[in-house]
Amino acid sequence: RCTHHRGANHPSSNDSRPDHRRAHHRCAHHHRDDERVMSSGRSAFDLVIIGSGPAGAAAAIEAANRGLTALTLDKAHFPRDKCCGDGLTANALRQLEELGVEPSTIPSWQSVDDVVLVAPSGRERTFPLPRQRGRFAVVARRRELDAALVERARSAGAAIVEDNEVVGITQLADRAIVTTSTGQSHAARFVVAADGMWSPTRKLLGIAQPGYRGEWHAGRQYFTNVSPRAQHELTVWFDRDLLPGYLWSFPLADGSANVGFGVVRTDDRRGHDLRSLWSQILECSALGDFLGPQAQPEGRYTAWPIPARLGRSPLTSDRVLFVGDAATATDPMSGEGIGQALETGRLAVEAITEGGPRASADAITAAYERVVRRGMVRDHQLARALSNVIANERGANVSLGVAGLTPWTRRNFVRWLFEDYPRAVLATPSRWHRGLFTRPGAYR
């Protein structure tokens with residue numbers, strides 16, 4: 001099925017516009033790839049990847065680069081939208097560059113030079129990112145970013161089959177069998193589950209976490225006709241009514257802005273109750289002044305839960321390795337998850353590859369858990385501890401005041417905040433290397 005032929009909003013099949021002909025050609029090319037995979041008769045793959053969002057696409061690219069036979073399955077059809085703040089940290093950008101994703105393939109790609117943080121007191125401080133040394137922060141719409149990652153995976157030789165939902169997983173002594181909604185069954189040495197916060201894989205394996213709704217709740221909406229400031233500045237407000245949490249406005253290349261909020265979920269802060277909070281936020285005079293009198297909402301308000309408990313949820317299950325949101329890998333302080341998704345997806349494939357074809361499932365899963373706990377889990381533990389410091393008005397005012405004292409503190413605080421280097425690097429000497437704190441950004 002070609003998405004370009006669905007609904008009245010898409011061009012008709014005889015549309016002669018060049019962009020539609022290119023789109024139709026891409027669809028036809030992908031259909032041939034899907035048919036080739038389905039009719040190949042291959043008895044087993046090295047791995048089956050479930051989900052082709054950032055974590056799954058990163059795993060697919062890494063597998064292709066390492067010469068593994070891999071099949072990626074996704075129930076969606078790309079491009080598809082994904083609720084997100086659209087922010088990319090230095091860590092995410094370096095991962096994207098190493099994976100071969102080009103900014104030119106993402107129309108909304110907007111580089112950011114300065115980060116403006118507003119304390120609960122209302123005091124505003126500008127934190128500059130390094131100049132002329134590459135990119136340390138970018139904003140890009142997830143619809144475009146995820147589609148670009150899928151295209152990059154395909155160009156690397158990855159087999160990605162869309163419109164295929166996984167409905168069954170059977171784990172045997174030497175392989176796993178994955179069954180899809182089309183009735184196909186695929187055998188693989190390992191399964192990489194990159195299927196998101198609600199991970200159907202966890203449910204199929206009987207290890208879902210009943211009642212779990214994530215540590216954070218976030219909502220966002222796009223706005224057009226925003227003020228010149230909103231078109232260029234990445235601004236975060238630590239509003240007293242949102243603590244522990246924050247409000248953001250992230251600029252996009254087309255002059256629009258991604259505006260939203262993230263709050264820590266508590267007993268008196270539930271997703272259903274938080275829906276009304278968005279209306280109150282839009283009435284905030286500070287936000288209205290920032291966006292400007294001509295600002296108009298684009299599309300609808302959307303919300304999503306954020307899983308941020310890496311190290312406290314199972315990372316593996318026999319021959320299954322969980323990555324991205326399925327591994328609850330979102331940063332517990334900022335709510336950032338793209339860099340973590342890309343990194344865990346690559347680490348899972350790295351563990352499978354370096355273990356060798358004869359390594360046991362226990363050895364592979366242990367290697368993956370070890371590398372994630374050695375670095376990322378420690379970073380998240382530190383971020384979780386520091387998030388408690390800025391969880392109240394006094395703590396946020398003092399913390400942002402100290403961070404903004406000098407040019408040195410402003411520069412290094414924002415680089416730390418945007419994951420320019422590992423959060424807990426001082427506590428993990430194994431990750432020390434020369435030039436760690438002076439690395440250039442991505443895409444120089």
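Here the structure is a predicted model, which is why all the values come from computation and not from measurement.
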Heavy-atom distance under 4.5 Å between the side chains of Leu149 and Val101, does that happen here?
yes
Residues Ala140 and Leu88: closest non-hydrogen pair is CB-CD1, 4.2 Å
Sequence neighbours left out, what pairs pass salt bridge (charged side-chain N to carboxylate O under 4.0 Å, His left out) with at least one residue falling in residues 102-113?
Asp113-Arg135
Quick one: does Gln110's side chain have a donor or acceptor within less than 3.5 Å of a partner on Val112's backbone?
no
Please examine the side chains of Leu291 and Ser249, heavy atoms only from C-beta on, and report whether any two atoms are closer than 4.5 Å.
yes
Audit row: Asp86, Tyr222, side-chain hydrogen bond (donor to acceptor under 3.5 Å, both in side chains) steps and yes/no
CA-CA 11 Å; Asp86 296 341; Tyr222 291 109; 2.6 Å; yes
Please check if the side chain of Gln294 supplies one atom and the backbone of Asn225 the other of a donor-acceptor pair under 3.5 Å.
no
Is a donor on one side and an acceptor on the other found under 3.5 Å between the side chain of Thr179 and the backbone of Val167?
no
In the structure I gave you, are the side-chain heavy atoms of Met197 and Tyr212 within less than 4.5 Å of one another anywhere?
yes
Only counting residues at least two apart or in another chain, list the ones meeting salt bridge (charged side-chain N to carboxylate O under 4.0 Å, His left out) with Arg410.
none
Take the angle between the ring planes of Phe437 and Tyr421 and call it parallel below 30°, perpendicular above 60°, tilted in between.
perpendicular
Do any N or O atoms from the side chain of Asn91 and from the backbone of Glu419 form a donor-acceptor pair under 3.5 angstrom?
no
Can the ring centroids of Trp216 and Tyr246 be said to lie less than 6.0 angstrom from one another?
yes
Just do the side-chain contact (heavy atoms from CB on, under 4.5 Å) check on Val166 and Thr201 with the steps written out, would you?
CA-CA 8 Å; Val166 172; Thr201 300; 5.6 Å; no
Quick check: does any side chain N or O of Ser256 sit under 3.5 Å from a backbone N or O of Thr224, one acting as donor and the other as acceptor?
no
I'd like to know if Arg346 and Glu98 make a salt bridge, using a cut-off of under 4.0 Å between side-chain N and carboxylate O.
yes
Check this for me, if you would: do Asp420 and Arg94 make a salt bridge, where the nitrogen-to-carboxylate-oxygen distance has to be below 4.0 angstrom?
yes
So, Asp81 and Arg300, do they make that salt bridge, N to O below 4.0 Å?
no
Any side-chain heavy-atom pair from Leu310 and Leu315 closer than 4.5 angstrom?
yes
Taking side chain as C-beta onward, heavy atoms only, is Trp198 less than 4.5 Å from Arg213?
yes
Kindly indicate, with the supporting measurements, whether the criterion side-chain contact (heavy atoms from CB on, under 4.5 Å) is fulfilled by Arg141 and Asp254.
CA-CA 11 Å; Arg141 292 186 186 236; Asp254 60 4; 3.4 Å; yes
Return the minimal non-hydrogen interatomic distance between Arg444 and Glu97, and the atom names on each side.
N-OE2, 4.3 Å
Would Phe223 and Leu282 count as a side-chain contact (heavy atoms from CB on, under 4.5 Å) here? Give the steps.
CA-CA 11 Å; Phe223 280 79; Leu282 293 180; 3.7 Å; yes
When rounded to the nearest 0.5 angstrom, what distance separates CG in Leu234 from OG in Ser111?
11.5 Å
Counting N and O atoms only, with roles assigned by atom type, does the side chain of Asn258 sit under 3.5 Å from a partner on the main chain of Gly85, one being a donor and the other an acceptor?
yes
Short question: side chain of Arg202, backbone of Ala326 - any donor-acceptor pair under 3.5 Å?
yes
For Glu162, run the salt bridge (Lys or Arg N to Asp or Glu O under 4.0 Å) check against Arg154, Arg80, Lys75 and tell me which one passes.
Arg154
Please table the atom pairs, donor to acceptor, closer than 3.5 Å between any side-chain atom in residues 115-127 and protein atoms at least two apart or in another chain.
| unit_1 | atom_1 | unit_2 | atom_2 | d |
| --- | --- | --- | --- | --- |
| Ser121 | OG | Arg123 | N | 3.4 |
| Ser121 | OG | Asn397 | OD1 | 3.4 |
| Glu124 | OE2 | Arg229 | NH2 | 3.2 |

4.5 Å side-chain heavy-atom contact, Thr316 and Glu369
yes
Within-4.5 Å side-chain heavy-atom neighbours: Leu145 and Leu96
yes
Give the minimum heavy-atom separation between Val263 and Leu242, together with the two atoms involved.
CG1-O, 3.6 Å
Does Arg131 pair with Asp114 as a salt bridge, N-O distance under 4.0 Å?
yes
Checking Asp325 against Thr330: is there a side-chain donor and acceptor pair closer than 3.5 Å?
yes
Nearest heavy-atom approach of Arg265 to Pro305 is NH2-CB, 4.1 Å
Exam field: side chain Glu144 to backbone Ile106, donor-acceptor pair closer than 3.5 Å
no
Smallest heavy-atom separation, Pro251 atom then Val139 atom, equals O-CB, 3.1 Å
Whether the Arg152 and Ser155 side chains hold a donor-acceptor pair (N or O, under 3.5 Å, no angle test) is what I'd like checked.
yes
Considering all heavy atoms, the nearest Gly53-Asp74 contact
N-OD2, 4.2 Å
Under 3.5 Å: donor-acceptor pair, side chain of Tyr368, backbone of Phe322:
yes
Would you find a donor on one side and an acceptor on the other, under 3.5 Å apart, between the side chain of Gln221 and the backbone of Val259?
no
Name the residue from Asp331, Thr428, Asp379 that meets the side-chain hydrogen bond (donor to acceptor under 3.5 Å, both in side chains) definition with Arg423.
Asp331
Would you say that His380 contacts Arg312 through its side chain, given a criterion of any heavy-atom pair below 4.5 Å between the two side chains?
no
